[in-house]
Each structure stands twice: as C-alpha cells, then as structure tokens.
Amino acid sequence: DLKGSTSQKIKTAFEVLEQVDCRLPKDVDSKNSWGDAFVAAFTDPSSAVRYCLKLRDSIAFYDWRSIGIKRPLYFRLAVSTGEVSNIYDSIMEKKSLEGMPFVKSARIEPMVEPGSIIVDEGTKNVIDNSNNEFFWRELSLRTLRGVPSPVKPFEVFRSEADANFR
C-alpha cells in the first residue's frame, strides 16, 4: 500500500514503481494492482525481501518534488510465504491471486509503518540467512482476521545497526 498517494493524485502503484525505476523483477510469477496497492507472487522469498528493501530505499530517496508531488510517498510492505493460485476474478474482470500468503500479507500490511517491511515467521524461517543479509526485529504476536492461527511478525532491515536503532 502506498501511503500518501490518494491526496496526491497517484493513479496506480505500478505508476510509482516505474517512476522510481523499481519495476518488479523477472522472478515474479504473478502480479496485480488495486489503485495505490499491489501484490506480487515471487518464486523465492529472499528475492521478495531484497526487492522490498530496494523499493523502500528507492522511494525514500526519490525527489518527489521534481514531478510535482509535494510530500514524500512511502510503501507499507508485507511479505508472507506459501502457495498461491492465479485465478480469474469475474468481479474485477482480471487475473488475481488467492491463497493464505495473500490473506496474511493483506492483514499484516495495515500494521506496517510507512517505509517499513514486515514478514511473517514462516517467511523468516525459510530464508537462508547464513550470510547475515537480513536482520530481524521480532514484533508482538498478532491475531489476524481470516488467518486460523496467530502470526508472529518480524520487521526486516539491511543491517544490525538499523534493527537495533528502531
């Protein structure tokens, strides 16, 4: 979800991705957008987290005033891992995604501070972090609507210093 876009007449999340030169990578299996929000199914959770970090940084350092946007924009990014399916949404009349990771991400996203990235415990656990590429800060256990059991979220950072700073 793109925080601050509604009041600034941003049409779609994909428009912003293009503007900050942060298009979705080739390993994205499927994607969809609803106005200022987007969802993408990556084939690898590490790639998803790397992309979120890149997007967060691209958005944070972009000169929004150069294109007439008065206040900076920030994505609230959530990542969940598991099986998703491509379906045709007859109401929206376009392809869409369904599955528990999609539901979890959609429910986690509102609790994400603008400019932050939250992953669920399942995502954290399947990422090979032996080279300390990512640093995690555990958040409080959450009960999410439509998710059968509580979810333990983690905020993700590029460095240990950033994780300890917050």
Side-chain angles (χ1 to χ4, degrees), residues 1-8 10-62 64 69 71-82 84 96-129 133-142 144-147 151-166:
D1 176 61
L2 188 58
K3 183 77 174 152
S5 64
T6 306
S7 63
Q8 301 199 49
I10 299 295
K11 293 179 186 127
T12 70
F14 292 140
E15 175 184 46
V16 173
L17 299 182
E18 287 284 326
Q19 188 66 44
V20 299
D21 196 26
C22 205
R23 293 166 197 83
L24 288 166
K26 292 181 179 9
D27 69 339
V28 169
D29 189 41
S30 186
K31 64 183 181 182
N32 207 338
S33 174
W34 295 270
D36 67 351
F38 77 97
V39 62
F42 285 75
T43 56
D44 172 46
S46 295
S47 293
V49 172
R50 266 186 225 103
Y51 176 78
C52 286
L53 287 164
K54 177 184 174 188
L55 176 58
R56 181 202 59 198
D57 294 347
S58 296
I59 292 277
F61 296 109
Y62 190 78
W64 294 105
I69 295 178
R71 290 187 314 271
L73 302 174
Y74 299 96
F75 273 105
R76 297 185 299 191
L77 299 162
V79 180
S80 184
T81 302
V84 296
S96 190
L97 295 167
E98 72 175 4
M100 191 49 66
F102 177 64
V103 173
K104 280 185 186 178
S105 292
R107 300 295 182 244
I108 291 170
E109 178 270 320
M111 70 179 171
V112 178
E113 292 292 321
S116 296
I117 303 158
I118 304 292
V119 302
D120 65 0
E121 184 174 25
T123 300
K124 177 188 173 288
N125 290 343
V126 298
I127 290 177
D128 174 13
N129 200 32
E133 181 179 5
F134 309 117
F135 292 86
W136 317 97
R137 184 169 61 94
E138 185 176 336
L139 303 174
S140 60
L141 198 64
R142 303 291 173 106
L144 305 173
R145 186 171 49 98
V147 178
V151 172
K152 187 184 296 185
F154 292 82
E155 189 168 5
V156 64
F157 301 92
R158 283 192 193 279
S159 73
E160 189 171 16
D162 287 344
N164 291 329
F165 179 73
R166 284 217 177 178

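In this structure, Pro153 and Glu155 have side chains that are not in contact, with every pair of non-hydrogen atoms separated by 4.5 Å or more. By the 4.5 Å heavy-atom criterion applied to side chains, Ile108 and Leu144 are counted as neighbours.
Legend: residues meeting side chain to side chain donor-acceptor pair (under 3.5 Å) with Glu138, ordered by chain and number and at least two apart, are absent. Residues satisfying the side chain to side chain donor-acceptor pair (under 3.5 Å) test with Asp57, not counting sequence neighbours, are Arg158. In this structure Pro45 satisfies the side chain to side chain contact (heavy atoms under 4.5 Å, CB included) test together with Thr81, Thr123, Val126, Ile127, sequence neighbours excluded. Partners of Tyr62 by side chain to side chain donor-acceptor pair (under 3.5 Å), not counting sequence neighbours, listed by chain and number: Gln19. Listed by chain and number, the residues in a ring-ring contact (aromatic ring centres under 6.0 Å, His included) with Phe154 amount to none (sequence neighbours excluded).
Taking every heavy atom of both residues into account, Tyr74 and Ile59 meet most closely at CA-CG2, 3.8 Å. Scanning both residues, Val156 and Leu53, for their nearest heavy atoms gives O-CD2, 4.5 Å.
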Dump the intermediate steps for side-chain contact (heavy atoms from CB on, under 4.5 Å) on Phe42 and Val79, then the final yes or no.
CA-CA 10 Å; Phe42 285 75; Val79 180; over 6 Å; no
Assess whether side-chain contact (heavy atoms from CB on, under 4.5 Å) is satisfied between Tyr51 and Leu77, documenting all intermediate values.
CA-CA 10 Å; Tyr51 176 78; Leu77 299 162; over 6 Å; no
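Applying the salt bridge (charged side-chain N to carboxylate O under 4.0 Å, His left out) test to residues at least two apart or on different chains, the pairs with a partner in residues 39-52 are Arg50-Glu133. Sequence neighbours left out, the pairs with a member in residues 116-126 that pass salt bridge (charged side-chain N to carboxylate O under 4.0 Å, His left out) are Lys104-Asp120, Glu121-Lys152.
For the atom pair CD of Glu113 and CD1 of Ile118, the computed distance is 8.5 Å after rounding to the nearest 0.5 Å. The line from CZ of Phe135 to CG of Asn129 is 7.0 Å long, rounded to the nearest 0.5 Å. Considering OG of Ser46 and CZ of Phe134, their distance stands at 5.0 Å, rounded to 0.5 Å.
At distances below 3.5 Å, not a single donor-acceptor pair connects side-chain atoms of Ser116 with backbone N or O atoms of Val112.
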